[in-house]
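Shown next, in structure tokens, is the structure this report addresses.
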Amino acid sequence: MSDKLQRTLIILKPDAIHRGIVGEIIDRFEQKGIKIVGMKMAKLSDLLLDKHYAQHKGKHFFEPTKKYMQMLPVVLVVLEGLEVVRVVRTMCGPTDGRNAPPGTIRGDYSGAISRNIIHASEDEKAAYREIKLYFKTTEIFGYDKPDAHFYYDVERGE
Ligand code: CMP
């Protein structure tokens, strides 16, 4: 297995669910050749959100963000691929949708930092922590895709 093979967590936020664009967004990752290895819907509790947003505790947007994240259930997805943490962050674009370039998910769908459609783990350490927060090991599935060599040079891990 290549050391560039990583897993990351995305959360499709309540605005994505409400606007009916969950499929469109997940499709972008599938088209890129990124593998879905875990997926579920959940209503996030106060406790989970306190842990998830621990680094933002005390900031002015902490409570409003928690409230918004509880407006509807969210869709949690674990993605796998080469350098997928960075690749997925790039595909999402900057946090503030108004400043996100077209072609990125936030650039195409979000017009406000407080309604930015998707969360993606910041780095490998955060990805590890966040996946563990939301998924049991039995909810993540390792499997081979027969067409993987059309997306990556599988032998060389590139
Ligand atoms: P995300 O990067 O997924 O995690 C922190 C979230 O807080 C961020 O997305 C936004 O949804 C939300 N948020 C709301 N206001 C702000 C702000 N002013 N700065 C940063 N994040 C904000």
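Every heavy atom of this structure was used, including side-chain atoms; hydrogens, water molecules and symmetry mates were not. Since the structure is predicted, the reported quantities are computational estimates derived from the model, not experimental observations. Read the numbers this way: they start at 1 and go in the same order the structure lists the ligands and their atoms.
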Dump the intermediate steps for salt bridge (Lys or Arg N to Asp or Glu O under 4.0 Å) on Lys66 and Asp50, then the final yes or no. CA-CA 8 Å; Lys66 273 180 61 183; Asp50 281 343; 2.7 Å; yes
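Of the protein's non-hydrogen atoms, Lys13 NZ, 3.7 Å is the one closest to atom 1 (P) of ligand 1. Looking at atom 2 (O) of ligand 1, its nearest protein heavy atom turns out to be Thr95 CG2, 3.9 Å. Among all non-hydrogen protein atoms, the one lying nearest atom 16 (C) of ligand 1 is Phe61 CG, 3.4 Å. The single protein non-hydrogen atom nearest to atom 5 (C) of ligand 1 is Tyr53 CE2, 3.5 Å, given as residue, atom name and distance. In terms of protein heavy-atom proximity, atom 12 (C) of ligand 1 is closest to Thr65 OG1, 3.4 Å.
Using a 4.0 Å cut-off between heavy atoms, His56 contacts ligand 1 through its side chain alone, with no backbone atom that close. Of the heavy atoms in Ile113, both backbone and side-chain atoms come closer than 4.0 Å to ligand 1.
Side-chain polar atoms of Asp15 and Tyr109 form no donor-acceptor pair below 3.5 angstrom.
Between atom OG1 of residue Thr95 and atom CZ of residue Arg89 there is a gap of 6.0 Å, rounded to the nearest 0.5 Å. Atom OH of residue Tyr152 and atom NZ of residue Lys145 lie 9.0 Å apart, to the nearest 0.5 angstrom. One distance of note links OH of Tyr143 with CD of Glu80; it measures 8.0 Å at 0.5 Å rounding.
Taking any N or O of His119, backbone or side chain, at least one lies under 3.5 Å from an N or O belonging to ligand 1.
The one candidate from Lys40, His52, Glu139 that meets the side chain to side chain donor-acceptor pair (under 3.5 Å) condition with Tyr134 is His52.
The main-chain N or O of Asp123 is never found under 3.5 Å from a side-chain atom of Ser121 such that the two would form a donor-acceptor pair.
For ligand 1 and Asn116, the ligand atoms under 4.0 Å from any heavy atom of the residue are 8 (C), 9 (O), 10 (C), 11 (O).
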